[in-house]
Amino acid sequence: MGTIQNKLEGPVTDELTLVQAAKKGDDSAFEELVRRYDRNVFRIAQHITQNREDAEDVVQEAFLKAYSNLAKFQEQSKFYTWLVRIAVNEALMKLRRKKPERTVSLDEDIKTEDDSLPREIADWSPNPEQQYTQAELREILSKTIQGLPPGFRTVFVLRDVEGLSTEETAAALELSVPAVKSRLLRARLQLRERLGRFFQKRGSGNGDGKGGDDHSGDGDQ
Amino acid sequence: MKCSEFLHELTNYLDGVLDQTTKVELENHLSWCHNCYVVCDTTKKTIEIYRDSQLYELPDDLRTRLRAAIMAKCQQHKKRGPEPT
């Protein structure tokens, strides 16, 4: 079984050149940085806020903040990682304003060790995503990820959708590497379990936990 | 390797950062434990489906509009000069 390849958009070779030019007041260099990362920032923002208008606001606020604080950017990390950190903070602030009754934090307590252990073991169809239209699939994926706590889905999005390394994700979220790994495992397992409802092999039944290898049930979700 | 140990190493395995010895042990476990094989395979598919989903793509017209708004705000900021910190 192969490993997961990371997806990185666009060349990163002259990012520093652009940043240095932008620092000297070259706005076209900054605009190029916007062009390079706006899609990523929008995706991250919408994953966190789960709202398109909020995501649009976050994109604007994050780039404006980056622009106005560019002189403070130390160039020891990648500009993109720094930008992501700004965007994540903006997005979490939006969430907090909307849901003041709920704590929205990246430092949510991790409950018990067992809360995301697999319960459903039934196998999926060979190409499960092809059972649905693109629109249906997006709806399923969007609803499914909405069910995760913000701290989990943020880590999943940065690591698995945007392809940041574990270290970059930790730096962007100001979390430790073990904390990122722990959240990532939980996020992946919870998403897997929730998607199973849609992607399970027909007739493979509901798995009954790690103890059994009996897939003869007749679940038909 | 036990099932719980497999689960503990799953993320490192999928990310390709396991040392050779642990990787061999894990793959040996997967060769006979069907449940763990399914968990591993479907977790990998979960990641791939999300990564390839093009969920929340920024439409071109909105993208142009946002970029114009960002650059306009940057210009305003520049005219006002740096904020006192």
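Per chain, numbering begins at 1; letters A, B, ... match sequence-line order. Predicted, not measured: the structure shown is a model, and the values here were computed from it.
- With B:Tyr56 contributing its side chain and A:His47 its backbone, the two residues share no donor-acceptor pair below 3.5 Å.
- Comparing B:Leu62, B:Thr42, B:Leu10 by heavy-atom pairs within less than 4.5 Å of chain A, the highest count is held by B:Thr42.
- When all heavy atoms of B:Ile70 and A:Gln60 are compared, the closest pair comes out as CG1-CA, 3.9 Å.
- At a 4.5 Å heavy-atom cutoff, the contact between A:Leu191 and chain B is made by backbone and side-chain atoms alike.
- There is no contact between A:Glu139 and chain B, counting heavy-atom distances below 4.5 Å.
- In this structure, the portion of A:Arg52 lying under 4.5 Å from any heavy atom of chain B is its side chain and not its backbone.
- If you measure heavy-atom distances from A:Ser125 to chain B, the contacts under 4.5 Å come from the backbone alone.
- Per-residue heavy-atom pair counts under 4.5 Å with chain A were compared for B:Gln75, B:Arg67, B:Arg65, and the maximum is reached by B:Arg67.
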Show the numbers, then the answer: is there a salt bridge (Lys or Arg N to Asp or Glu O under 4.0 Å) between A:Asp38 and B:Arg63?
-> CA-CA 8 Å; A:Asp38 56 357; B:Arg63 191 177 176 218; 2.8 Å; yes
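- Inspection of the A:Arg188 and B:Thr11 side chains reveals an N or O donor paired with an N or O acceptor under 3.5 Å.
- Side chain of B:Lys78 to main chain of A:Gly25: a donor-acceptor pair is present (N/O by atom type, distance under 3.5 Å, no hydrogens or angles).
- Among A:Arg43, A:Gln46, A:Arg39, the one residue that satisfies the side chain to side chain donor-acceptor pair (under 3.5 Å) test with B:Glu57 is A:Arg43.
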